[in-house]
Every structure is written in structure tokens, then in C-alpha cells.
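Pasting a structure here, questions to come.
One-based numbering along the sequence shown.
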Amino acid sequence: MTLRRLLHWKSWLIGAALIFLVVAGSHLWVKNVAGPKCHAQIEALPKVKAGLVLGCAPTIQGRSNLFFTRRMEAAARLFHSGKVEVLIVSGDNGNWKYDEATAMKDALVKAGVAEKRIFLDYAGFRTLDSVVRAKEVFGQEAFIVVSRRFHNERAVYLARRLGIDAVGYDAGDVKGRGGLLTHLREYLARVQAVLDVEVLGTGPKFLGPPVLVGQNGCLPSSQGGNITR
């Protein structure tokens, strides 16, 4: 092997090692900050005003999305347990054909959650946006995040590093190839989360006027959520 080829392979190995260290370090940092604050059992959760249900598409390529189903089941259980008074459903509504928040609301109403207790956030384009808007727009200094465990840890990490008293309620996970690919993407998302709050100071794409949650009764979702259209 020539010296040039040896140096080429050495640079590749050094680059790969650095990438591994960044990904592993971000993963462990997020897990250390947020892992103890995420729970699979409702009994371990505090009682707070709101649950924040993170966005998820109801279908993938025309088929039911099990991540969506498990998340809505968990959100409904959380509400019916009495641990929260309202649910903020925060998802992507970047165009009129795609509306995660309304899909989540419809599923929760079918699960017995009163519509007037559901607040829609149409500008939850990223987990960071959902977390920041729950505080800055919906006025919640503390809330329970509802998603799968891996996602919850990232959301709770973001919240706590931004001074929000958040904990997570873990929805049932999904096994198989789809679940594995989602977990692999999550490792990279954790790197971005660390960069966003520790280095870049990234803010949400949109904020908007405040939404009153639970003051003088619970406003209906039609009044409380449609703020970015």
C-alpha cells in the first residue's frame, strides 16, 4: 500500500471515529439529562395542566402508522387518568394536504377525549418547535410529553435545557424494520438537538399570539389552535 493510500484510509478512519464520538456523545448526553424523567407507567407521572402530544402521520404509504396508533392510545390513557386537564396536539401542517394536528385530534375524540380539552398547534414542524411553542404560545411552564421513549428523551432534553419542567410518558414502541429505521434516524436527531440548544440557539419557525389554555374554562380547539394559517 502506497503512502498516499495509507494516508487516505487513515483520514477516513479518523473521520469515522469523530462522527461516532459525536453521535455517541450526543446520545448519552440526551439520555443522561432526560432518561430519568421519562416513564412508561402513568403512576410515576406528576399531575400538571397539559400533555404535549408530538406530531405523527396517521398513515404511511396508505397504511396505518403504528407509531401514530400507539401514541394516540397513550395520550388518551394519560387524559383519562386525570394526570392532565388538556392535551396540546402539535404537528406539521405545512400545506393544506397534510395536517397532523387535526388527525391527532380526530383520533383522540374517537378515544373519548372531549374536543374542548384538545388544543391544536399546527406549527409543530420539529420537536423543538413543539416544545418551545407549548411554553411561549400555549403558556405551559410544565407539561408531560407523549411519544415513544426514544423521541420523548429528545423532547424532554430540549425542554429542560430551555428551562421547561417537562417529563415524558412513553407510548408503546413498534418492533420490526420500520421501528429500527426510526431509531437509527433518532441518533442523528439527537446530534441536531444538542447543536440546537447548546451551540446554535435555534428557535421555532413560527410563534404567534398567546393561546389561553384552561383560563375561564377550556377554549374549544377551533379557537385555541388555528394560529398559523
Side-chain angles (χ1 to χ4, degrees), residues 50-76 78-79 86-111 113-138 140 143 145-152 154-155 158-159 168-169 171-174 176-190 192-193 196 202-209 211 213 219-229:
L52 173 64
V53 189
L54 297 178
C56 191
T59 60
I60 298 177
Q61 297 179 341
R63 294 179 296 178
S64 295
N65 181 359
L66 284 177
F67 285 107
F68 178 89
T69 301
R70 302 277 167 78
R71 201 170 304 180
M72 296 310 104
E73 290 171 348
L78 179 66
F79 178 81
V86 299
L87 294 172
I88 300 168
V89 293
S90 180
D92 188 349
N93 182 210
N95 62 70
W96 66 272
K97 294 181 180 179
Y98 189 76
D99 185 354
E100 291 179 345
T102 298
M104 290 191 286
K105 181 204 74 172
D106 292 344
L108 289 169
V109 170
K110 288 182 180 178
V113 179
E115 184 174 357
K116 68 179 181 178
R117 297 297 184 93
I118 304 171
F119 290 76
L120 279 70
D121 176 12
Y122 294 101
F125 302 113
R126 298 176 55 203
T127 302
L128 175 70
D129 295 57
S130 297
V131 167
V132 173
R133 285 172 57 81
K135 177 183 178 182
E136 300 297 333
V137 175
F138 293 88
Q140 303 306 299
F143 48 78
V145 183
V146 182
S147 188
R148 64 188 184 279
R149 171 72 184 213
F150 225 54
H151 193 190
N152 267 348
R154 176 160 56 94
L158 288 167
Y169 177 46
D173 214 337
V174 176
R177 184 172 178 270
L180 176 61
L181 291 175
T182 300
H183 278 279
L184 290 175
R185 287 195 298 269
E186 182 65 32
Y187 282 101
L188 298 180
R190 290 187 175 201
Q192 184 64 58
D196 281 338
T202 306
K205 187 174 182 180
F206 296 111
L207 281 175
V211 175
V213 174
L219 296 175
S221 58
S222 60
Q223 295 179 32
N226 196 349
I227 59 178
T228 64
R229 292 180 171 181

Practice task
Could you tell me which residues satisfy side-chain contact (heavy atoms from CB on, under 4.5 Å) with Ala111, sequence neighbours excluded, listed by chain and number?
Solution key: Ala76
Exercise for the section: Indicate the atoms forming the closest heavy-atom contact of Asp173 with Arg70, along with that distance. Expected result: O-NH1, 2.6 Å
Problem - Separation of Arg126 CZ from Lys205 NZ (nearest 0.5 Å) - result: 11.0 Å
Problem - Residues forming a side-chain hydrogen bond (donor to acceptor under 3.5 Å, both in side chains) with Gln192, sequence neighbours excluded - result: Asp196
Exercise for the section: Applying side-chain hydrogen bond (donor to acceptor under 3.5 Å, both in side chains), name anything that partners Glu100, two or more places apart in sequence or on another chain. Expected result: Tyr98
Exercise for the section: Could you tell me whether the side chain of Arg71 and the main chain of Gly55 form a donor-acceptor pair under 3.5 Å? Expected result: yes
Exercise for the section: Using side-chain contact (heavy atoms from CB on, under 4.5 Å) as the criterion, list what pairs up with Ala75, not counting sequence neighbours. Expected result: Val53, Leu87, Leu108, Val146
Completion exercise
Residue set satisfying side-chain hydrogen bond (donor to acceptor under 3.5 Å, both in side chains) with Ser130, at least two apart, ordered chain then number -> Ser90
Fill in the blank from the handout: Hits for side-chain contact (heavy atoms from CB on, under 4.5 Å) against Ala155, two or more places apart or cross-chain, chain-then-number order -> Leu54, Thr127, Val131, Val145
Problem - Test item: Arg149 side-chain N/O and Ala171 main-chain N/O as donor-acceptor pair under 3.5 Å - result: no
Problem - Main-chain N/O of Ser147 paired to Asn152 side chain as donor or acceptor, under 3.5 Å - result: yes
Exercise for the section: Mind listing the closest non-hydrogen atom pair of Gly51 and Leu78 along with its distance? Expected result: CA-CD2, 4.4 Å
Problem - Heavy-atom check, side chain of Asp121 versus side chain of Val137, under 4.5 Å - result: no
Exercise for the section: Please tell me if the side chains of Lys110 and Met72 come closer than 4.5 Å, counting only heavy atoms from C-beta onward. Expected result: no
Practice task
Any chance you could measure Phe138, atom CZ, to Leu120, atom CG, to the nearest 0.5 Å?
Solution key: 8.0 Å
Fill in the blank from the handout: d(Phe125 CZ, Arg133 CZ) to nearest 0.5 Å is 8.0 Å
Using distance only, find each side-chain donor-acceptor pair of residues 58-68 under 3.5 Å and give its atom names and separation, not counting sequence neighbours.
{"residue": "Asn65", "atom": "OD1", "partner": "Phe67", "partner atom": "N", "Å": "3.0"}
{"residue": "Asn65", "atom": "ND2", "partner": "Ala57", "partner atom": "O", "Å": "2.8"}

Exercise for the section: For side-chain contact (heavy atoms from CB on, under 4.5 Å), just list the numbers for Glu186 and Arg154, CA-CA rounded to whole Å, side-chain angles, deciding distance to a tenth of an Å, and then say yes or no. Expected result: CA-CA 9 Å; Glu186 182 65 32; Arg154 176 160 56 94; 2.5 Å; yes
Handout entry: Spacing of Arg148 atom CZ and Cys56 atom SG [to the nearest 0.5 Å]
Key = 7.5 Å
Exercise for the section: Output all residues satisfying side-chain contact (heavy atoms from CB on, under 4.5 Å) with Ala50, sequence neighbours left out; order by chain, then residue number. Expected result: Val86, Ile88, Gln140
Exercise for the section: Name all residues meeting the side-chain hydrogen bond (donor to acceptor under 3.5 Å, both in side chains) criterion together with Arg190; count only those two or more places apart in sequence or in a different chain, and write none if there are none. Expected result: His27, Glu153
Practice task
Under the side-chain contact (heavy atoms from CB on, under 4.5 Å) rule, what do Asp129 and Phe206 come out as? Steps first, then yes or no, please.
Solution key: CA-CA 8 Å; Asp129 295 57; Phe206 296 111; over 6 Å; no
